[in-house]
Structures are given as C-alpha cells and as structure tokens.
Amino acid sequence: MANHTHAPAPLGGSLFTPFTLLLGTLSAIAGVILLYRLFYGLGAVTNLNDGYPWGIWIAYDVVVGSAFACGGYAMALLVYIFNKGQYHPLVRPALLASLFGYTLAGASVIFDLGRWWNFWHIFWPGYAQVNSVMFEVAVCISAYIVVMWIEFAPAFLEKWGLKDVRQKLNKLLFFFIALGVLLPSMHQSSLGSLLVIFGEQIHPLWQSGMLLPLIYLMTAILLGFAVVIFEATLSSTGFRRQLETPVLAPLAKLMYGLLAAYVVVRVLDLLLRGALGSAFAATWQAFWFWVEMACFVVPLATLATDRARRSAGRLFAGAVLLMLGGFLLRINGFLVGYMTGEGWHYFPSLAELMVTVGLIAFEILAYIYIVRNYPVLPAAQPATR
Amino acid sequence: MDRRTFFKASLAGGTALAAGAASCPAQARETHPMPPEAVGLLFDSVLCVGCKACVAACKQANGMPMEFSTKDQYWDTPLDISGKTLNVIKAYRNGNMEAKDREENGFAFIKKSCMHCVDPSCVSACPVSAMRKDAKTGVVTYDKDACIGCRYCVAACPFGVPRFTYDSPTPQISKCQLCIHRHKDGKYAACAEVCPTGATLYGKVSVLREEAKRRLALKPGEKTEFPRGHLRAAEEKALRGAPEGKGEQRRQGWQDDGAQRYPGVAGQYLQHVYGEKEFGGTQMLMLSGVSFQKLGYPDLPPRSDAATSETLQHTLYGGLIAPIAVLGALTFIARRNVKHEDEEGGQHG
Ligand code: SF4
Ligand code: SF4
Ligand code: SF4
C-alpha cells in the first residue's frame with residue numbers, strides 16, 4: 001500500500017516563470033548561433049583549429065553531457081538488473097533527464113559535423129567502418145536514444161490514456177530495459193576508447209590505453225548515481241517537495257563502494273604505467289590532474305559513514321564534487337591533456353560557450369515541461385517545512 | 001531474498017561477460033605489414049636546398065590556392081600544411097646558422113606532408129571509410145563524398161597531417177594523396193618530379209629503402225651519384241624505352257634515363273631511416289643530419305596506435321559475441337525482475 005503515494009503523477013503548475021523565460025532565451029540564442037554556423041561554417045563561430053579539431057561541443061556536449069545523462073542507465077542497472085526495487089521511484093525522473101541529455105547530445109553532434117548532410121553514412125553498409133571507435137560510439141548512442149524513448153513511452157501512454165498499448169509495451173519492456181543497460185555500457189566505455197588511437201598525443205596522466213574503457217565506464221555509472229542524487233535534491237527544492245533521503249542514503253552507499261573501487265583502479269593504472277611522476281611536474285596538466293583527483297578523493301572522506309550519507313547537505317556536496325570530477329576527467333583527457341605539438345591553442349569562443357549553455361538550458365526547460373505535464377515524479381505532498 | 005537475487009544477478013552478468021571474453025580469445029590485431037607494391041617518397045634533408053619547387057609543383061598538380069603570410073601578398077608563402085597546402089618545406093635554425101645539417105649553430109630543411117603510414121591511424125579512426133589505404137600501392141586516400149567531417153582523423157594522426165577547412169560551410173579534409181590522380185597518365189608525385197636535387201625521390205618503398213641504406217653506408221665526403229625523380233629497381237630499368245612499348249613497359253619507361261642521375265658528395269647523416277620502424281613503418285622515408293625530433297617529427301614506438309585501438313575493439317566487440325551474450329543475460333534478468341515488479345505494482349496500474 002505504501003507504494004500508492006509513490007505512483008508517478010504530473011506536477012501541474014505554471015510553465016511561465018522568470019526562470020523558464022531565462023532558459024527559453026538562452027535556448028533561442030544557441031539556436032541562432034547554430035543557424036549561423038550552418039551557413040558560414042564551423043570557423044565562423046568556434047575557435048577550432050587543426051591542432052584542436054575537437055572543442056567543447058564534443059568534449060563537453062557529447063563526452064561529458066552523455067555521462068551526466070547516465071542517471072537513467074545507473075538506475076535501470078540497479079532496479080532491473082540488481083533487483084533493488086526500493087529505488088523504483090527514482091527511475092522515471094532519472095530516465096527523463098537521460099532522455100534529454102542524450103537526445104540533445106546526439107542532435108548537437110550534427111552541428112559539429114563539418115559535412116553533416118553525410119551523417120547517415122555511419123549507418124550505411126559500404127561506408128560504415130566497423131574498426132572505428134567513433135563508429136561504435138555513434139551507433140550505440142543512436143540506438144540508446146531510440147531505446148530510451150521506448151522505455152519512457154509508458155509515461156506518455158499513461159497520460160494519453162492508451163491503456164492497451166501500454167500493456168502490450170509493458171510485456172516487451174524487459175527487452176528494451178536490457179538493451180538500455182547494454183548500450184550505455186558499450187558506448188560510455190567506448191567514449192574512453194576514443195582516446196586510445198591518439199596514442200602519445202594524450203598526456204600519460206590520461207592515456208590509460210586498454211584501461212580507458214573501464215575507467216570511463218566506472219565513472220559513467222558513478223556520475224549516474226551522483227546525478228540522480230543531485231537532481232533529486234534540486235527538484236525537491238525547486239518543486240517544493242519532500243526530499244527522498246531515505247532512498248538516497250542507501251544509494252549513496254553503493255555509490256561510495258564504486259567510488260572506492262574507481263580510485264583504486266585509477267591510481268593503480270597510473271602506478272603500473274609509471275605515469276604518476278608526471279603529476280609532480282610544474283605543468284597545467286599536473287595541476288588539473290590534482291584538482292580532478294581531489295574531486296574524487298574528497299567525497300571518499302566526507303561520505304565515509306552512514307551518518308554522513310544521511311545528511312542531505314553532505315550528500316549533495318559529494319554528488320556535486322563527483323560530477324565535477326567526472327567532468328574534469330573527460331575534459332582533461334580530451335582537451336587539457338591533448339598534446340598535439342607546439343603552437344596550437346584552444347579556448348572555446350563565446351559563441352561556442354553560448355551554444356553549450358543554451359543546450360543545457362533547453363534540457364532543463366524540457367524537463368520542467370514534462371514533469372509538470374506528465375506522470376514522472378512520484379506523487380507526494382509538498383514539504384511543509 | 002533481495003540479497004540473493006542481487007548475488008544471482010551479479011553472478012549471471014559476470015558469467016556472461018566471461019563467456020563473451022573467452023569466446024573471442026584476444027583477437028590481437030598486429031600492426032599491418034607493408035603492402036608488397038607499396039610506393040612512397042624518400043626525403044633526404046641533406047640534399048634539400050630549400051628551393052620549395054616541390055611546394056609550388058604540389059599546388060599546381062592538386063589545384064590548391066595560394067596562401068599568404070606576409071603583409072605584401074607577393075607570392076605563395078604557406079607556413080605549414082593546411083586546408084590550402086598539402087606539402088611544405090620548413091627550416092630548422094639554431095644559433096648563428098653557420099653550417100647546414102648541423103644541430104648546433106646550424107640549419108636544415110624538412111618536408112612536411114602525409115607519411116602514408118603502413119598502418120594509418122586516420123584510416124582506423126574514420127567511421128565512414130572516407131580515409132582508405134590502397135591494398136596494392138598503400139597510398140592513403142581521402143574521399144570527400146564519403147566524409148562526414150568529424151575530424152577524428154585530424155585528431156588521431158600522430159604527424160598532424162590531415163587538415164580541415166573550418167571556414168567553409170562545405171568543409172573537407174585536405175592531405176597529400178601521392179598524386180594518385182596523375183598515376184594513370186604514367187606520372188608520379190609532382191614534388192619528386194620537380195625536385196632538382198633528388199632530395200624528394202619517388203619509387204617503390206623497397207627500392208627507396210635500399211637507396212637510403214646505400215647513402216647511410218657512404219663515408220661523409222665520399223664521391224657518389226644521386227638519382228632524382230622516380231627511382232626504379234635495376235630490373236625495371238631493363239624495360240625502359242622498349243619501342244612501341246605498351247602498358248606496363250611504356251609506363252615504366254617514363255622519364256627515366258641516365259640524365260636523372262648526377263654526381264655528388266655524400267653528406268653527414270644520422271644512422272637512422274625515419275619511417276622504417278616508427279609507428280609500424282611509413283611509406284615516406286626520411287634521412288637527415290639533424291635529429292628528427294628537432295625537425296618536428298615525433299619519436300614513435302614501432303607499434304601503431306591503430307593496432308592497439310583495434311585490438312581493444314575486437315576483443316570487446318569481435319563478431320558481436322560478447323555484446324550478444326551480455327544482452328542475453330541482461331534480458332533474462334530484467335524479464336524476471338520486471339515481472340516481479342508488475343505483480344507488486346499492479347494495484348496502481
Ligand atoms: S624541391 Fe627538392 S630541394 Fe627543393 S625544397 Fe623541395 S625537396 Fe628541397
Ligand atoms: S601521416 Fe597521418 S594522414 Fe598520413 S597516413 Fe599517416 S595517419 Fe594518415
Ligand atoms: S573527418 Fe572525414 S575523413 Fe576524417 S575521420 Fe571524419 S569522416 Fe573520416
């Protein structure tokens with residue numbers, strides 16, 4: 001019976017607030033810049049060059065963005081594979097955030113492709129080059145986006161009252177859930193494998209070779225957990241709902257275990273490759289490496305006890321640090337630690353940054369719209385405090 | 001109950017993974033071997049006089065535009081390869097530059113263009129086969145009609161060779177393709193064709209390697225002969241000039257006579273043929289008196305990054321065996337757990 005209050009329901013409420021208007025404006029600016037890019041080329045809006053052919057539209061929007069969108073994946077893994085039913089209320093909201101994160105990451109790639117009108121070649125036999133890590137990433141991400149829309153369909157079907165379609169889909173849902181666990185495992189690890197072929201062009205602190213897929217996969221799941229905690233906290237404040245701490249604390253315990261395992265893998269890899277020495281050089285790479293490591297190690301200390309993990313504030317801070325750590329691991333690997341020879345510089349242009357900001361704004365906007373109108377968040381009384 | 005299912009699920013997942021990994025036993029992908037008929041270039045920094053005839057000829061043969069780097073735009077002055085320039089000669093300078101081919105207080109010239117790697121990163125990276133390596137000649141080609149403009153090749157190439165035209169709404173990659181469009185007329189790479197000193201030499205890689213070794217064996221100052229243009233193996237030369245020769249014979253006979261050799265004096269070389277071993281080998285070989293790292297060429301291991309990357313991909317995804325095994329296990333587990341939850345949650349359905 002306790003389940004009853006947890007059934008997802010639309011939140012309702014107004015869509016037009018100063019906050020959503022701001023989000024809308026930022027999204028519109030990004031749209032204009034992207035349109036401009038289509039007519040005048042990448043060089044007209046970005047600071048990309050042949051030394052840094054990939055900028056933040058790849059390193060952030062795709063590599064970081066999709067990892068931040070791993071909440072749905074991490075929750076599905078927990079609830080449906082490890083059968084941890086108590087986290088069920090977290091699945092739908094997490095899946096929704098993932099859906100937007102991934103869909104937008106996928107869409108933004110199109111604008112980063114120089115010859116975007118050819119993008120279908122990736123899926124076309126004769127063009128498709130299966131040895132390419134990029135091929136694997138592109139196919140898996142596209143497939144996952146489709147799978148997520150199917151997984152999320154029950155929420156729409158519920159709202160539109162299409163009961164029998166929903167029931168039919170429910171019968172097959174387990175297969176899509178399985179795919180929804182397999183595909184992100186594949187492409188999140190492969191996002192790390194993308195760096196393998198860069199060889200010595202990647203600073204030794206991030207060129208983990210054969211271990212790259214494991215490192216990126218572990219942090220993707222870690223980020224999934226962290227993002228769920230982050231979003232649950234924010235949406236309970238933002239929508240004035242009770243915080244789901246009783247569910248979050250045990251989740252944090254699992255996250256903690258994974259975090260410990262990750263730090264061990266990361267440090268062992270550095271030691272075995274003899275790369276740790278370069279962390280003590282007076283370079284920017286070494287500096288950012290320590291910041292990155294701190295983001296993982298600090299939560300290891302602050303979230304060590306059950307009591308600490310029950311504190312909403314600590315949990316939130318820990319989640320934010322982990323997100324920052326995962327962000328840095330990826331930005332460091334793809335940009336800071338990318339050494340392409342002397343004379344090349346890259347820092348994103350204002351237009352590039354505005355596109356990324358606009359993309360995030362659009363994601364949040366879409367999330368607000370959906371949870372207000374569709375059954376996503378568990379129905380509950382507003383917090384009285 | 002909960003703990004038990006958790007344990008079972010982990011076990012099933014682990015077994016599937018192990019089964020997947022075991023069924024495709026380490027499909028290690030070795031560095032590719034050199035194609036037997038591979039053609040390429042030999043660049044000899046010691047012979048190069050920095051005239052840049054090769055840069056101009058390359059532009060002409062490939063229809064590339066001029067590029068300016070001086071205030072008064074008098075002539076084509078590319079500073080590096082780019083979307084407009086496939087081949088440049090750069091200068092190395094140190095101290096008072098009093099002697100050629102010397103590291104200290106010296107100077108030297110170096111060519112920069114595609115190395116036509118034996119196991120190229122660009123080909124392995126490209127998701128849509130726009131970068132290809134010819135199975136016979138080993139020339140690495142680019143097809144803009146296939147390209148999606150992802151620039152993975154630009155990022156992957158250890159020599160920084162592929163360049164991209166960021167300023168165009170219809171951009172493309174530009175890189176040397178060894179003038180393959182001229183091969184059908186019996187012509188070869190334009191840079192080698194015009195090079196007055198034979199510093200850039202065209203030919204089969206096996207022949208070029210022999211020539212490189214010959215030069216390294218000479219004593220500095222020793223009198224010798226240098227070929228220029230297209231260097232052929234001795235047996236091929238016998239075919240030269242066959243009257244009314246058709247096909248192969250006639251092609252082999254193109255512009256190769258005694259006048260293409262000239263007497264010279266051996267210079268001071270480092271005992272190193274760059275590109276013989278580096279990165280699994282390249283089809284452009286280089287000789288120099290100054291260390292290659294000083295000239296801007298990286299010190300690369302003998303194993304190609306393409307081999308490492310593809311070994312990883314094949315181990316994880318070879319024949320899709322592992323993914324299918326894991327998917328099977330996941331489907332089984334998810335099915336049980338979803339059903340379980342449906343029964344419980346039926347009340348609010
Ligand atoms: S044409 Fe020959 S000598 Fe002149 S710059 Fe080019 S390689 Fe050097
Ligand atoms: S030098 Fe670069 S572009 Fe040329 S074949 Fe090698 S990897 Fe490809
Ligand atoms: S930019 Fe073009 S040629 Fe280079 S990897 Fe991408 S699709 Fe292939």
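Within every chain, numbering begins at 1; the chains are lettered A, B, ... in the order of the sequence lines, protein sequences first and strands thereafter.
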Taking it one step at a time, do I148(B) and W116(A) satisfy side chain to side chain contact (heavy atoms under 4.5 Å, CB included)? CA-CA 6 Å; I148(B) 59 173; W116(A) 48 271; over 6 Å; no
Verdict with reasoning, Y40(A) to S168(B), per side chain to side chain contact (heavy atoms under 4.5 Å, CB included): CA-CA 6 Å; Y40(A) 297 96; S168(B) 163; over 6 Å; no
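For the residue pair D167(B) and G43(A), the shortest heavy atom distance occurs at OD1-CA, 3.7 Å. The shortest non-hydrogen separation linking S129(B) to G126(A) is OG-O, 4.2 Å. Smallest separation of non-hydrogen atoms from I81(A) and A334(B): CD1-CB, 4.2 Å. Summarising the geometry of A155(B) relative to Q201(A), their closest heavy-atom pair is O-NE2, 3.4 Å, with the distance given to 0.1 Å. P171(B) approaches W117(A) most closely through the heavy-atom pair CD-CH2, 4.4 Å. Across all their heavy atoms, V196(A) and L312(B) have their closest contact at CG2-CD2, 3.8 Å.
For chain B, the nearby part of W344(A) is the side chain; its heavy atoms alone come within less than 4.5 Å. No part of T46(A) comes within reach of chain B, as not one of its non-hydrogen atoms sits under 4.5 angstrom from that chain. Looking at L173(A), there are no atoms closer than 4.5 Å to chain B (heavy atoms on both sides), in backbone or side chain. Heavy atoms closer than 4.5 Å to chain B are found nowhere in F176(A), neither backbone nor side chain. Residue L38(A) touches chain B through its backbone alone, counting heavy-atom pairs closer than 4.5 Å. Both the backbone and the side chain of C150(B) come within contact range of chain A, judged by heavy atoms closer than 4.5 Å. With a 4.5 Å cut-off on non-hydrogen atoms, R303(B) does not touch chain A at all.
Heavy-atom pairs under 4.5 Å with chain B peak, among R37(A), E136(A), E200(A), at E136(A). Across L195(A), I58(A), N49(A), L42(A), the residue that shares the most heavy-atom pairs under 4.5 angstrom with chain B is N49(A). For the set V181(A), V133(A), V130(A), the count of heavy-atom pairs under 4.5 angstrom toward chain B peaks at V133(A). Note on Y127(A), Y338(A), F135(A): by heavy-atom pairs under 4.5 Å with chain B, the leading option is Y127(A). Each of D145(B), V123(B), L300(B) has some count of heavy-atom pairs under 4.5 Å with chain A, and the biggest count is that of D145(B). Between chain A and the residues S82(B), P162(B), C147(B), the most heavy-atom pairs under 4.5 angstrom are made by C147(B).
Interatomic distance, CG of L320(B) versus CE of M186(A), reported as 6.5 Å (0.5 Å rounding). To the nearest 0.5 Å, atom CZ of residue F175(A) and atom CG of residue L327(B) are 5.0 Å apart. One finds the CE atom of M131(B) at 12.0 Å from the OG atom of S132(A) (value rounded to the nearest 0.5 Å). Atom CG of D143(B) sits about 9.0 Å away from atom NE2 of H121(A), to the nearest 0.5 Å. If you take CE on M210(A) and OG1 on T311(B), they are separated by 5.0 Å, rounding to the nearest 0.5 Å. Atoms CZ and CG, from F82(A) and N337(B) in turn, are 10.5 Å apart once rounded to the nearest 0.5 Å.
Salt bridge R151(B)/D50(A): absent, no basic N to carboxylate O contact under 4.0 Å.
A distance-only check finds no donor-acceptor pair linking the side chain of Y80(A) to the backbone of L330(B) [under 3.5 Å]. Between the side chain of S309(B) and the backbone N or O of I197(A) there is no donor-acceptor pair closer than 3.5 Å. Without hydrogens or angle criteria, Q129(A) side chain to S124(B) main chain gives a donor-acceptor distance under 3.5 Å. Between the Y166(B) side chain and the L48(A) main chain, no donor and acceptor come within less than 3.5 Å of each other.
Y152(B) has its ring centre less than 6.0 Å from the ring centre of F198(A).
More than 12 non-hydrogen atoms from other residues, nucleotides or ligands lie less than 6.0 angstrom from CD of Q293(B).
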